[in-house]
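Here the structure is a predicted model, which means the values were calculated and not measured.
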Amino acid sequence: MSFKELFKDGGTAAGMFLNSGDAGVAEICAGAGLDYLLIDGEHGPVGIESVLDQLRAIAGYPPVAVVRVPANDPVVIKQFLDIGAQSLIVPMVHNADQARQAVQATQYPPEGVRGVGAALARSARWNRVPDYLARANDFISLLVQVESVEAVDNAAAIAATEGIDGIFIGPADMAATMGLLGQQDHPDVIESVMRVIRTVKAQGKIAGVNAFQEPQARAYTEAGADFINVGADVAILARGAEALAGKYSRRAARAASAPSSY
């Protein structure tokens, strides 16, 4: 199933980041009951091989596997598509021209610039998918990330770009470009997120947002967001381990004064 197929029946999908790069962790999360899992190639220690391992681990479970590529780069996008990623998020897209570049990277010539290697690639099951070259676009969901003041202002044009299925909103980087670094819950940031959701929905496209805090997640759901990224594997592990240490460990107090850098 491609990501865009999740939304045929309405409702808000819930998912989480996979930042660890570990296929075993991906498989554990795949059985948890979420709607999708977002493999993070932008901020996680994730290379092409570990993404492939995670795609294979998730494939036997219901959640849709989505991959955030590290950059709006046609070579990188080609590689992630060829290993079988069908649902992509491209980060740091600030205007319609950059959105069109992302679209072209996912499409074969003459519409786009994707290199042809289907006979060598998992995406076409090594030429076992009938007419893959002609049908490739049918399998792909492409979302781009709006995460700057410039992108907020250009959200309508970005969402209207042909070939873009939806927008993923990144409040953390958005807050930074607003001079509010680390303040994703600031009212001005929340209003900007709401504005993008309304704009994208008006274009008939999918709108989603990263929101680890439950009040924000609930508010964005009520505002009409189609999907909410509600957590990350590494964050869940870190907070869970800290909670256990706080209950049982004599080292908990010492950990609070740990070195602040490597």
Side-chain angles (χ1 to χ4, degrees), residues 3 6 12-59 61-71 80 85 87-92 141 143-148 166-176 180-186 189-190 193 196-197 206-221 225-246 255 258 262:
F3 195 49
L6 271 180
T12 301
M16 63 179 285
F17 272 130
L18 297 177
N19 287 86
S20 67
D22 186 88
V25 172
E27 184 169 8
I28 291 169
C29 294
L34 292 161
D35 298 304
Y36 69 90
L37 296 172
L38 177 44
I39 301 168
D40 190 7
E42 184 187 18
H43 290 295
V46 177
I48 194 78
E49 292 87 355
S50 64
V51 171
L52 176 58
D53 288 343
Q54 290 176 82
L55 289 172
R56 286 172 170 160
I58 297 167
Y61 295 85
V64 175
V66 185
V67 177
R68 180 161 71 174
V69 300
F80 278 83
S87 303
L88 299 183
I89 293 178
V90 177
M92 295 293 179
S141 297
L143 291 86
V144 296
Q145 195 152 327
V146 165
E147 47 187 336
S148 68
I167 302 294
F168 182 49
I169 305 163
D173 282 290
M174 184 185 294
L180 299 167
L181 182 63
Q183 300 181 58
Q184 294 93 299
D185 58 350
H186 191 284
V189 177
I190 293 173
V193 172
V196 175
I197 292 172
I206 301 164
V209 60
N210 204 49
F212 288 5
Q213 300 301 318
E214 185 174 351
Q216 293 170 25
R218 298 293 183 191
Y220 295 146
T221 298
D226 296 292
F227 65 99
I228 307 285
N229 218 47
V230 294
D233 56 352
V234 292
I236 292 169
L237 179 59
R239 301 295 84 78
E242 290 160 5
L244 286 173
Y262 299 109

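- Taking all atoms of both residues into account, the shortest heavy-atom contact from Pro62 to Ala30 is CD-O, 4.5 Å.
- For the pair Glu27 (side chain) and Ala23 (backbone), a donor-acceptor distance under 3.5 Å is absent.
- Of the possible polar contacts, none joining the Gln145 side chain to the Phe168 backbone as a donor-acceptor pair under 3.5 Å is found.
- Closest heavy-atom contact between Pro70 and Pro91: O-CG, 3.8 Å.
- At least one donor-acceptor pair under 3.5 Å links the side chain of Asp233 to the backbone N or O of Asn19.
- Without hydrogens or angle criteria, Asp226 side chain to Ala207 main chain gives a donor-acceptor distance under 3.5 Å.
- The two atoms that bring Ile228 and Ala225 nearest to each other are CD1-CB, 3.7 Å, heavy atoms only.
- With a 4.5 Å cut-off on side-chain heavy atoms, Asn229 and Tyr36 count as touching.
- With respect to Ile167, the side chain to side chain contact (heavy atoms under 4.5 Å, CB included) criterion is satisfied by exactly one of Ile197, Leu143, Ile89, Val144: Val144.
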- Query: Stepwise, does the side chain to side chain contact (heavy atoms under 4.5 Å, CB included) test hold for Tyr220 with Ile190?
  - Reply: CA-CA 9 Å; Tyr220 295 146; Ile190 293 173; 3.6 Å; yes
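- Around atom CD1 of Ile48, more than 12 heavy atoms belonging to other residues, nucleotides or ligands sit under 6.0 Å away.
- Using a 4.5 Å cut-off on side-chain heavy atoms (C-beta onward), Ser148 and Asp173 make no contact.
- With contacts defined as side-chain heavy-atom distances shorter than 4.5 Å, the pair Phe17/Asn210 qualifies.
- Checked by atom type and distance alone, the side chain of Ser87 never pairs as donor or acceptor with a backbone atom of Ser141 at under 3.5 Å.
- Side-chain atoms of Val209 and Gln216, non-hydrogen and from C-beta on, never get closer than 4.5 Å to each other.
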- Report the C-alpha distance between Ile236 and Met16 in whole Å, list the side-chain angles of each, state the deciding distance to 0.1 Å, and finish with yes or no for side chain to side chain contact (heavy atoms under 4.5 Å, CB included). CA-CA 10 Å; Ile236 292 169; Met16 63 179 285; 3.8 Å; yes
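- Heavy atoms only, all atoms of each residue included: Glu42 and Val69 are closest at CB-O, 3.9 Å.
- Across all their heavy atoms, Leu55 and Ala65 have their closest contact at CD2-CB, 3.7 Å.
- Using a 4.5 Å heavy-atom threshold, the side chains of Phe227 and Leu6 count as separate.
- Ile39 is listed as a side-chain neighbour of Ile58, based on a closest heavy-atom distance under 4.5 Å.
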- What's the verdict on side chain to side chain contact (heavy atoms under 4.5 Å, CB included) for Ile169 and Met174, showing C-alpha distance, side-chain angles and the deciding distance? CA-CA 8 Å; Ile169 305 163; Met174 184 185 294; 3.5 Å; yes
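- Distance alone, capped at 3.5 Å, places no donor-acceptor pair between the Tyr61 side chain and the Cys29 backbone.
- Counting only heavy atoms from C-beta outward, the side chains of Gln184 and Gln213 never approach each other to under 4.5 Å.
- Shortest non-hydrogen contact noted between Leu34 and Pro63 is O-CG, 3.4 Å.
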